[in-house]
There are 2 protein chains.
Amino acid sequence: MVIRYAILGLLSWKPFTGYELKKVFADSVALYWSGNSNQVYPVLVQLHRDGLVTVRTEKSTGYPEKKVYSITPLGMSALTAWVATTAPELPQSRSIFLTQLAWADLLPKEDLASLLDRYEEEVTMRLAMHREKVRRRPAAPDRTPRETFLWEMIAQHEIVMLEAELTWLARIREGLV
Amino acid sequence: MVIRYAILGLLSWKPFTGYELKKVFADSVALYWSGNSNQVYPVLVQLHRDGLVTVRTEKSTGYPEKKVYSITPLGMSALTAWVATTAPELPQSRSIFLTQLAWADLLPKEDLASLLDRYEEEVTMRLAMHREKVRRRPAAPDRTPRETFLWEMIAQHEIVMLEAELTWLARIREGLV
DNA sequence: TGGGACATGTAATTTGTTACATGATTTT
DNA sequence: AAAATCATGTAACAAATTACATGTCCCA
């Protein structure tokens with residue numbers, strides 16, 4: 001399960017609570033678990049059971065008590081091993097839009113055009129949102145230049161893909177005239 | 001559920017059995033359900049229950065009896081409505097590789113290089129396989145020129161994306177020297 | 001005679017999302 | 001006074017993959 005290692009990775013920087021991890025995932029340009037990923041809570045329990053993290057409970061006044069998780073040496077080596085040895089997979093692109101396009105010949109010209117318009121708008125919006133996220137991403141201290149570069153390239157990845165999508169869309173438009 | 005409409009789409013061409021649909025999905029460059037997608041069987045039952053398809057059972061000698069599914073007028077209009085009105089979504093790219101890369105700074109130079117190599121190999125292989133699939137794709141008769149064009153563009157989509165991936169990878173390599 | 005294609009299906013598992021439950025505190 | 005944020009968690013649902021179960025036919 002990838003989220004295990006995404007969590008371990010974040011904990012390799014500094015301790016986090018489940019709640020904080022959720023927010024990091026929601027805001028991240030690199031890590032993709034969505035909106036309100038309550039998956040973190042059971043996964044943290046699991047990581048703890050496996051000895052990859054430790055917990056320290058902070059009795060805070062009033063609020064429910066915080067559980068601050070830290071990575072263990074065992075966790076660090078599990079993370080490193082995962083990064084080094086996991087076969088790097090390509091995501092199989094499962095695009096709903098492509099399935100729509102496959103039978104878009106059922107539609108009259110205007111409806112097909114409208115479908116393409118709406119998709120382009122979606123891509124453009126996502127591109128803008130992503131750029132905005134990247135722009136207001138907090139400067140992370142204590143990173144090696146190499147790590148900074150890697151994160152920059154991860155952020156670039158989405159941009160490159162969305163731009164390729166737009167180029168491809170333009171080619172469809174040309175062909176349909 | 002997208003697979004409902006992928007099935008309806010195929011049935012809009014001609015009747016199919018569940019077994020045949022499975023094979024089409026497995027071989028298709030456009031439709032993504034994987035290897036041995038037994039999902040089709042329960043979905044076909046569901047479509048039948050909803051009146052979007054009809055079944056004709058062919059008593060074949062020896063083999064278990066074939067169930068040939070055909071689309072109904074109701075099914076056709078459900079398909080058309082879906083294509084026309086569903087908001088075209090972008091797949092949120094959930095790449096395991098990017099998660100690995102996010103913490104690849106834990107690795108020594110050679111291991112990082114190896115990770116990139118293996119990923120590039122994966123992308124290149126997928127590109128070759130996809131091109132091969134497209135090349136040996138059977139010529140579909142009875143299609144309008146527009147439909148043929150759309151399917152051509154769907155096949156192109158994967159190629160465009162994989163090539164963008166390779167370009168992006170090359171940029172990482174440059175930056176890491 | 002053994003494996004693969006034909007043909008149907010069920011069950012289990014995995015992964016991720018969404019909704020629900022609880023309740024204090026801070027901000028508008 | 002209402003809404004958002006803090007903070008934990010459970011439960012339900014959805015989608016897709018994989019394994020299992022059954023049995024025939026055909027070809028090497």
Side-chain angles (χ1 to χ4, degrees), chain A residues 1-7 10 15-28 31-49 53 55-69 82 86-87 89-96 98-99, chain B residues 1-8 15-28 31-50 53 55-69 82 86 89-96 98-99:
Chain A
M1 225 193 331
V2 188
I3 202 175
R4 280 171 69 97
Y5 299 99
I7 290 174
L10 290 170
F16 280 97
T17 67
Y19 188 74
E20 287 167 336
L21 287 169
K22 261 172 52 171
K23 279 198 300 181
V24 172
F25 284 132
D27 298 342
S28 173
L31 312 160
Y32 45 69
W33 291 269
S34 87
N36 198 29
S37 191
N38 292 332
Q39 241 185 315
V40 291
Y41 293 113
V43 173
L44 281 168
V45 169
Q46 200 184 301
L47 289 170
H48 185 241
R49 200 222 310 116
V53 300
V55 209
R56 170 172 46 88
T57 304
E58 263 182 27
K59 303 252 150 105
S60 58
T61 50
Y63 284 120
E65 44 185 31
K66 262 191 212 177
K67 293 187 173 177
V68 184
Y69 290 88
W82 180 78
T86 300
E89 274 174 66
L90 262 168
Q92 68 272 60
S93 62
R94 29 190 59 229
S95 164
I96 297 183
L98 288 187
T99 307
Chain B
M1 226 193 329
V2 187
I3 200 175
R4 279 172 67 96
Y5 299 99
I7 290 175
L8 284 179
F16 280 97
T17 68
Y19 188 73
E20 287 167 337
L21 287 170
K22 262 173 53 173
K23 278 198 301 179
V24 172
F25 284 133
D27 299 341
S28 173
L31 312 162
Y32 44 70
W33 291 269
S34 87
N36 197 28
S37 191
N38 292 333
Q39 241 186 315
V40 290
Y41 293 114
V43 173
L44 281 168
V45 169
Q46 201 184 301
L47 289 171
H48 186 241
R49 201 220 312 115
D50 297 346
V53 301
V55 211
R56 170 172 46 89
T57 304
E58 262 181 29
K59 303 249 150 109
S60 59
T61 50
Y63 283 121
E65 45 185 32
K66 262 193 212 176
K67 293 187 175 178
V68 185
Y69 291 87
W82 180 79
T86 300
E89 274 176 64
L90 263 167
Q92 67 272 59
S93 60
R94 29 190 59 228
S95 164
I96 297 184
L98 287 186
T99 307

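Heavy atoms only: backbone and side chains are in, while hydrogens, waters and symmetry mates are out. We name chains A, B, ... by the order of the sequence lines, and we start the count at 1 in each one.
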SB check A:E58 A:R56 (cutoff 4.0 Å): yes
Estimated bend of the helix from C:dT1-D:dA28 to C:dT28-D:dA1 (axis per five terminal pairs, rounded to 10 degrees): 30°
Rounded distance (nearest 0.5 Å) linking atom CG of A:D27 with atom NZ of A:K22: 12.0 Å
Gap between atoms CD1 and C1', on B:I3 and D:dT17 respectively (whole Å): 11 Å
Length of the CD-P vector between A:Q92 and D:dA15, whole Å: 16 Å
Gap separating the OH atom of A:Y32 from the CD atom of B:Q92, nearest 0.5 angstrom: 10.0 Å
side-chain N/O A:R4 vs C:dT15 OP1/OP2, d < 4.0 Å: no
side-chain contact (heavy atoms from CB on, under 4.5 Å) partners of A:V55, counting only residues at least two apart: A:H48, A:K67, A:Y69
Separation of atom CD1 in A:I7 from atom C1' in C:dT15, rounded to whole Å: 13 Å
Residues in ring pair (Phe, Tyr, Trp, His ring centres under 6.0 Å) contact with B:F25, at least two apart in sequence or another chain: B:W33
Nearest-0.5 Å distance that lies between atom CZ in A:F16 and atom NZ in A:K66: 12.0 Å
side-chain N/O B:W33 vs D:dA16 OP1/OP2, d < 4.0 Å: yes
Verdict with reasoning, A:L31 to A:L10, per side-chain contact (heavy atoms from CB on, under 4.5 Å): CA-CA 10 Å; A:L31 312 160; A:L10 290 170; 4.2 Å; yes
All side-chain contact (heavy atoms from CB on, under 4.5 Å) counterparts of A:Q46, not counting sequence neighbours: A:M1, A:R4, A:R49, A:D50
What protein N or O atoms touch nucleotides 3-6 of chain C N or O atoms at under 3.5 angstrom, if any, and at what distances?
unit_1, atom_1, unit_2, atom_2, d
C:dC6, OP2, B:Y19, OH, 3.3
C:dC6, OP2, B:K23, NZ, 3.3

Length of the line joining B:Y32:OH and D:dA15:C1', which is rounded to integer Å: 10 Å
Dump every N/O contact between nucleotides 9-13 of chain D and the protein below 3.5 Å, one line per pair.
unit_1, atom_1, unit_2, atom_2, d
D:dG9, OP1, A:K67, NZ, 2.4
D:dG9, O6, A:N38, ND2, 3.1

Separation of atom CD in A:E20 from atom C1' in D:dT5, rounded to whole Å: 13 Å
Euclidean distance, B:I96 CD1 relative to A:T86 OG1, rounded to 0.5 Å: 8.0 Å
Rounded distance [0.5 Å steps], CG in B:L8 versus CG in B:L47: 5.0 Å
Length of the line joining A:Q46:CD and C:dT13:C1', which is rounded to integer Å: 14 Å
Whole angstrom value for the distance that separates P of D:dA16 from CD of A:E89: 17 Å
Spacing of B:L21 atom CG and B:S28 atom OG [to the nearest 0.5 Å]: 11.5 Å
Distance, rounded to the nearest Å, where A:E65 contributes CD and C:dG23 contributes C1': 14 Å
